[in-house]
Every structure is written in C-alpha cells, then in structure tokens.
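Below is one structure; the comments refer to it alone.
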2 protein chains.
Amino acid sequence: MAKRDHAEVCAEVCTHPEILDKVKPEMPDEERLYDLAELFKVFGDTTRIRILYVLFESEMCVCDIAELLNMTQSAISHQLRVLKQARLVRSRREGKTVFYALDDDHVRTIIGQGMEHLEESHGRRKKHEEDL
Amino acid sequence: MAKRDHAEVCAEVCTHPEILDKVKPEMPDEERLYDLAELFKVFGDTTRIRILYVLFESEMCVCDIAELLNMTQSAISHQLRVLKQARLVRSRREGKTVFYALDDDHVRTIIGQGMEHLEESHGRRKKHEEDL
DNA sequence: CAAACATATGAACATCTGTTCATATGTTAG
DNA sequence: CTAACATATGAACAGATGTTCATATGTTTG
C-alpha cells in the first residue's frame with residue numbers, strides 16, 4: 001500500500017462524524033451558493049461601492065457619477081453594467097442622458113449591515129489588540 | 001488651445017450641478033468605503049461562502065470543513081485565515097484541533113439579505129426577460 | 001442628412017486572488 | 001525526547017478582474 005498523504009489521513013481520522021452527519025444534509029444547492037458569491041463580488045470593489053453610495057442620495061447620470069468619483073466615463077460605465085446585471089441598479093433614458101438609480105432595498109440593508117460589522121469588529125479590535 | 005477630450009467636455013457640460021452640490025458633502029470617508037469593499041470581497045468567494053454556510057450549522061474543525069467541502073486542508077486553512085482577519089469567524093483550540101465558529105450575527109443578516117435579493121431579482125428576471 | 005454629444009463596449013494590459021505544493025509550527029502520546 | 005498528527009504559512013502559478021484606450025451606438029439639433 002502506498003503511503004497516504006496528510007490530507008487523506010486527516011479526512012479519515014481527525015474528522016468528527018456526528019458533526020459531518022448533521023451538517024451534510026443541510027448543505028444548500030451549490031449553484032445557489034455560487035450565485036451568492038457572485039453577488040457579493042459585485043459589492044467587493046471600491047468603485048462599485050462608491051457608485052452605490054452616491055446613488056443612495058439621488059438618481060444621477062453617468063457623467064455626474066464620473067465627476068463625483070473623479071474617474072473616467074468609461075470606467076464608470078463598465079461598472080454600471082456590472083451593477084445592472086446584478087440587478088442592484090436600474091437605468092432610465094432621458095434624451096441623450098441615462099439616469100441610474102438603486103434598484104433594490106436590499107442594497108441598503110446589506111451595506112448597512114456591512115458598516116455595522118465594521119464598527120463592531122473595529123471596536124473589538126481595540127479591546128483585544130493582542131490576538132492578531 | 002488643445003482640443004479637449006470627451007471626458008472633460010462631459011464633466012463640464014453634461015453634469016447636473018444641483019445633484020452634484022447636494023451629494024458632494026454627503027460622500028463618506030474614502031477609507032470607510034475601502035474597508036467596506038474589502039469586507040464584501042471576503043463574502044465574494046464560493047469557498048468562503050460555503051465555509052460560512054457550514055459554520056451556520058455548527059462549530060467545527062479544519063478537517064471537518066475540508067471533508068464537507070471536498071477540498072484540501074491547506075486551501076481551507078488559507079481561507080479561514082481570511083475570514084478570521086475579517087472577524088467573521090473565530091477560533092478556539094482544543095488540543096491538536098482548532099474549532100472554528102461564526103463570530104458575528106451580521107454574517108447571517110448579510111447572507112440572508114443576499115439570498116433574498118437573489119430570489120427577488122430572479123423573480124423579476126422571469127417577468128421581464130426582455131430587458132437584458 | 002451631418003455634427004455634436006452622452007453612453008456603451010471590445011481588446012489589451014497590469015494587478016490581484018485562490019489553489020497547490022512543500023514545509024513549518026504547535027500539540028499530544030509514548 | 002521523538003513520532004504522529006492537526007493546522008498554518010510561504011512561494012509559485014494560473015485564472016480572474018478593473019482600468020484605459022479606441023471606437024461604436026444611439027439621441028438630439030440644425
């Protein structure tokens with residue numbers, strides 16, 4: 001018999017069967033989890049977060065956003081596309097200009113919870129500076 | 001005078017000053033938004049989402065997670081480090097084995113809202129298949 | 001129609017990210 | 001102490017991602 005590597009030994013030996021048996025049936029659809037990760041990826045970029053943030057305040061056109069964030073029209077347009085595909089943003093045409101707005105209240109909740117987490121975990125870090 | 005490019009013209013001409021003046025002062029701290037994007041980046045990976053999901057059910061050790069997700073111990077360990085640095089997960093040593101658990105209720109809220117958004121926006125896509 | 005303009009998009013490029021592999025660290029048993 | 005084992009981590013590599021540049025599309029004005 002070939003010598004088994006660490007990972008194999010670990011998986012067969014160190015594992016806690018009562019936990020595995022309990023959790024395995026609860027595992028949700030892989031596709032669902034993939035979509036969820038894709039959604040959060042959209043929030044995981046400074047430019048897109050900033051775009052969402054300015055849209056909190058008001059509907060606005062691509063140029064307005066580019067001006068506010070001090071970035072090129074092209075970069076903003078590319079990112080608006082990503083946000084739109086994720087259904088976080090919707091657009092409305094008015095003549096030459098296209099206005100963008102938040103498409104969903106979950107955006108506010110998700111960003112709000114993110115902010116709360118940052119504040120709380122930052123507080124905890126202050127208290128337990130040592131355990132890094 | 002050199003010919004000005006489109007972006008410049010756009011920023012100076014097509015912009016809506018009443019909107020910009022209203023939104024500019026509301027812009028939050030750049031650093032805060034950066035941290036927020038960093039946080040969501042952590043949620044934006046299938047492996048990490050799956051780890052968080054199994055930890056919903058129960059505290060468990062690295063090997064358990066590796067076995068459940070059918071991945072190597074090393075890959076899981078690397079990702080647990082990321083989750084821990086983001087304060088989404090905490091660890092507790094018991095002899096040789098290290099148990100990981102969710103560190104924060106915001107994790108549940110954020111993931112929950114993400115799921116809701118997916119379901120709703122998926123519903124909307126069914127209704128308005130055309131506007132892609 | 002053509003010119004001007006707001007926005008969208010494809011390709012290219014540099015950077016970032018996740019996994020693997022090898023190995024280090026820390027803990028327990030003998 | 002040493003062997004065995006659970007976990008952690010550094011380096012390297014492949015694939016993903018965001019911006020830029022050039023240009024296309026769609027709309028209004030004259």
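Each chain gets a letter, A, B and so on, in the order the sequences are listed, and its residues count up from 1.
At whole-Å resolution of the value, CD1 in A/I76 and C1' in D/dT19 are 11 Å apart. What separates OH of A/Y34 from P of C/dG18 is a distance of 13 Å, to the nearest Å. C/dT19 atom P lies 11 Å from atom CG of B/L80, rounded to whole Å. Summarising the geometry, the separation between CE on B/M60 and P on D/dA6 is reported as 17 Å, rounded to the nearest angstrom. The interatomic distance linking A/F43 (CZ) with D/dT17 (C1') rounds to 18 Å, in whole Å. Residue B/I65 contributes atom CD1, which lies 12 Å from atom C1' of D/dT7 at whole-angstrom precision. When rounded to the nearest whole Å, the span between NZ of A/K41 and C1' of D/dG15 equals 11 Å. Residue B/D45 contributes atom CG, which lies 13 Å from atom C1' of C/dC16 at whole-angstrom precision.
At the phosphate of C/dA8, OP1 or OP2 sits under 4.0 Å from a side-chain N or O atom of A/Y100. For the OP1/OP2 pair of C/dA4 and a distance below 4.0 Å, the side-chain nitrogens and oxygens of A/K96 include no atom meeting the criterion. Side-chain nitrogen and oxygen atoms of A/R48 include at least one within less than 4.0 Å of the OP1 or OP2 phosphate oxygen of D/dG18. The shortest distance between the side-chain N/O atoms of B/R81 and the OP1/OP2 oxygens of D/dT9 is below 4.0 Å. In terms of phosphate contacts, A/Q79 brings a side-chain nitrogen or oxygen within less than 4.0 Å of OP1 or OP2 of D/dT19.
Nearest to the side chain of B/S74, among C/dC21, C/dT9, C/dG26, sits C/dC21.
Here the closest non-hydrogen pair linking B/Y100 and B/V62 is CE1-CG2, 3.7 Å.
Here A/E94 pairs with A/R92 in a salt bridge; the nearest charged N to carboxylate O distance falls below 4.0 Å.
Taking the nucleotide of DNA chain C with the nearest heavy atom to each of A/F99 and A/H78, the more 5' of the two is matched to A/F99. Annotation: of the two residues near DNA chain D, A/T47 and A/E94, the 5′-most nearest-nucleotide partner is A/T47. Judged by closest nucleotide on DNA chain D, B/S91 is the one of B/S91 and A/E38 placed further toward the 5' end.
For the pairing with B/L68, the side-chain contact (heavy atoms from CB on, under 4.5 Å) check across B/I76, B/I51, B/V54 returns one residue only, B/V54.
Among the atoms of the strands shown, base atoms are found under 4.0 Å from some heavy atom of A/S77. The residue B/T97 sits close only to the backbone: its heavy atoms come under 4.0 Å of sugar-phosphate atoms, none of a base.
A side-chain donor-acceptor contact under 3.5 Å links B/K84 and B/S91.
On a pure distance criterion of 3.5 Å, no polar donor-acceptor pair joins the side chain of A/Q73 and the base of C/dA6. Not a single donor-acceptor contact under 3.5 angstrom links the side-chain atoms of B/T72 to the base of C/dC21.
Cation-pi contact between B/R93 and B/F99: absent, since separation from the ring centre below 6.0 Å together with deviation from the ring axis within 45° is not met.
Considering only heavy atoms from C-beta on, B/D29 stays 4.5 Å or farther from B/Y34 through its side chain.
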